[in-house]
Number of protein chains: 2
Amino acid sequence: MAAGIRSIARHLGVSVSTVSAVINGHSYVSPEMRARVEQYLREVDYQPNYLARSLRRRETRMVGLIVPDLANSFYTALSRGAEDFLLARGYRLIVADSREDWKRQKDYLESFCRMMTDGILLVPSSATKAQIDRIPGLVRGRPLVYVDRSPIKSPVDVVLIDNSAASFAATRHLVERGHRRIGIITEPISLLCAADRLEGYQHALKASGIDVDQDLIYIGNNTKESAHEIGQRMLSQKMPPTAAVVCNNIMTLGFLSALRERKVDVPEDFSVIGFDECDWSEHIHPPLTTIRQPAAEMGATSARVLLERMGDKKETPPSTTVLGFDLKVRSSTAVLANCGSISTA
Amino acid sequence: MAAGIRSIARHLGVSVSTVSAVINGHSYVSPEMRARVEQYLREVDYQPNYLARSLRRRETRMVGLIVPDLANSFYTALSRGAEDFLLARGYRLIVADSREDWKRQKDYLESFCRMMTDGILLVPSSATKAQIDRIPGLVRGRPLVYVDRSPIKSPVDVVLIDNSAASFAATRHLVERGHRRIGIITEPISLLCAADRLEGYQHALKASGIDVDQDLIYIGNNTKESAHEIGQRMLSQKMPPTAAVVCNNIMTLGFLSALRERKVDVPEDFSVIGFDECDWSEHIHPPLTTIRQPAAEMGATSARVLLERMGDKKETPPSTTVLGFDLKVRSSTAVLANCGSISTA
DNA sequence: TTGAAAGCGCTAACAT
DNA sequence: ATGTTAGCGCTTTCAA
């Protein structure tokens, strides 16, 4: 159907290599010849077949990105950051959504390899240690960089924020508001990101002379539902906390709805601080205090690191790039009104 | 690097076609041979090169989807619906984000063609009529279906809801709450979707004996910012409306923030009804009354229509598939407290 | 400056 | 049941 280089050459009475040369802007083609070919190329609106080109060139100029939840606007922002950076350098970005599912992630990793993407950006989904260790093998030597989350001790490049410090800041913010019983709702701690956040939280408590209470540490799975369930459970405890740091913005929504159901007012009765800035962060009730991660920058930076790795012949050892974060204080965190006791059903 | 079919054949002392036959599950290979080959395939963890396979087979089993705003969860839901449907049928989905930008959309359309996707799902970005008319040409005969939005009178398959009826229902809901001055914040009316919504709105007003006031029709560009600016302008009018239907969920957020700035309380002073259900719809203040579109179903249905079109040799005329919607009433729409006058700065 | 020809890794006739 | 071979559409030596 679509005109190929061959038929074009035949039509023009020139060789395929000449046509190819003008398509690829090689300099030795005579101006007249170039004009004639270009003219015709435009006429038939020639579109190169990337399959053939990539097969021959042995590069696709595509990079794949896998995120655990594309419905989470943190990851769409990250994706746009990476896309813009790559587009400006002649690469296309293919994004895939693992939905926090190991199988899906594995399939995408495999697909990307089969599609011959030149490199892979991965926000690993939570998984078992054994699964996580399989990742480097799955990409079969292709350049890979972990973004936002990373395995504990990884043999590949990583780009993320200082999650420990971020969580420390969040927790300290709550302590400064007078809270002593502070909970944390975290992701499964199979990944460094979650482990660091937990660590920062514990560190902040200790630094303030508060004992870490294991009953105040809740593990969710990054869904609204799990956070909702955690909220229910939390409020049924004998001594519920008066504040919580929630490590994922989707979980924040689920947690807030549990509080609302139990008629626990935020921030009068309970303070909440979330991770990641969203479209709706300032629109929900009450406007949410959050730890803001530079999502777009994270995407762009990881793309840069990946491109560097791709162009690196001398096996430079894996790098770790740490980005900044900041605390955006809104209305969801406040000094407790009736210190110490909150109404639970 | 990666083992190819050729080196595998050589290693096994068999021909490439035999290896190819077992890879593709052709039945005429003897059980022993099959076992031996499969065994080795597993051993080296053979991954077929999709570029080569697709080039040869002249099909990629990939379909491309372009949405205007991936940060809008309506479109991520749509995308997941399409992805699940396609995956189950052996197709992969590539999603791209045009960011409501014609140039980006055009580039992706072109990219998809060059990548030889077998079909394309398109939620067209708003654009000029001339641009929209170019779309069928850009895909160069590739199967295409418009999703959610479509050009007025399109020569290709379309899947959407009855936007006119949806907007009618939204407007009527407001009328039933006693509102007479009702505004509509819509997308650029270059596409049928927006035109229909405007039409449904006007129809509902007329059906209730209310004159359509051109000053109550606002055209935004699907960004928070544009809706915020519209909100400002609206509240500065001599006779502002007391309610509005907002045709896009991102614009709803921007519009609400304008109301908040002007200290106009929702729903006491002003009622708002939005389009599309989001994670945060029930979490914002106040919980939002919305028209719910079946996003995932829309994705799946459009994928089905596309596959049918792809497998259709006899040029069946373009179809239009209309999906249902419903009205989810929450707290953002109410009877006006102080009928008729609202406080504007 | 242009052309001829050899593949990239795979599939699918077409032999055998 | 297995092997030989001709491409898919392109890029890229290499020769002319």
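Remember, predicted model here, so these are calculated numbers, not experimental data.
Nearest to the side-chain atoms of Ser17(A) among the listed nucleotides dT4(D), dA4(C), dA1(D) stands dA4(C). For Arg56(B), taking side-chain heavy atoms from C-beta onward, the closest of the listed nucleotides dG3(C), dC10(D), dT11(C) is dT11(C). With dT2(C), dC10(C), dA12(C) as the choices, the nucleotide that has an atom nearest any side-chain atom of Tyr46(B) turns out to be dC10(C). Of all nucleotides listed (dC8(D), dT2(C), dG3(D)), dG3(D) comes nearest to the side chain of Ser15(B).
Note: CD1 (Ile5(A)) to C1' (dT11(D)) measures 8 Å, nearest angstrom. Across the protein-nucleic acid pair, Tyr28(B) atom OH and dA12(C) atom P stand 9 Å apart, rounded to whole Å. Atom CZ of Arg10(B) is separated from atom P of dG3(D) by 14 Å (rounded to the nearest Å). The CZ-P distance, from Arg6(B) to dT5(D), rounds to 11 Å in whole Å. Look at CZ on Arg114(A): it is 13 Å from C1' on dC10(C), rounded to the nearest Å. For the pair Asn49(A) CG and dC8(C) C1', the computed distance is 13 Å after rounding to whole Å. Atom pair Gln47(A):CD and dG9(D):P shows a separation of 15 Å (rounding to whole Å applied). The OH-C1' distance, from Tyr50(A) to dC8(D), rounds to 18 Å in whole Å.
If you check every strand for non-hydrogen atoms under 4.0 Å, Val16(B) touches a base.
A salt bridge is defined here as a Lys NZ or Arg NE, NH1 or NH2 lying under 4.0 Å from an Asp or Glu carboxylate O, and Asp84(A) with Arg104(B) meets this definition. We find that Arg149(A) and Glu100(A) are joined by a salt bridge, their nearest charged nitrogen and carboxylate oxygen being less than 4.0 Å apart. One finds a salt bridge joining Glu308(A) and Arg304(A) here, because a Lys/Arg side-chain nitrogen approaches an Asp/Glu carboxylate oxygen to under 4.0 Å.
Residues Glu32(B) and His26(A) both approach DNA chain D. Their nearest nucleotides, taken by heavy-atom distance, put Glu32(B) toward the 5′ side. Place Ile23(B) and Val29(A) on DNA chain C by their nearest nucleotides, and Val29(A) ends up nearer the 5' end.
OP1 or OP2 of dT11(D) has at least one side-chain nitrogen or oxygen of Arg53(A) nearer than 4.0 Å. Under 4.0 angstrom from either OP1 or OP2 of dG3(D) there lies at least one side-chain N or O belonging to Thr18(B). Close to dT11(D), at under 4.0 Å from its OP1 or OP2, lies a side-chain N or O of Ser20(A). For the OP1/OP2 pair of dT11(D) and a distance below 4.0 Å, the side-chain nitrogens and oxygens of Arg57(A) include at least one atom meeting the criterion. An OP1 or OP2 oxygen of dC8(C) is reached within less than 4.0 angstrom by no side-chain nitrogen or oxygen of Ser54(A). Contact between the side-chain N/O atoms of Asn24(B) and the OP1/OP2 oxygens of dT11(C) is found at a separation under 4.0 Å.
The side-chain contact (heavy atoms from CB on, under 4.5 Å) with Leu306(B) is formed by just one residue from the set Leu86(B), Leu121(B), Thr301(B), Leu144(B); it is Leu121(B).
In this structure, a donor-acceptor pair under 3.5 Å is present between the side chains of Tyr75(B) and Asp148(B).
Under the 6.0 Å distance and 45° angle rule, Arg89(B) counts as a cation-pi partner of Phe85(B).
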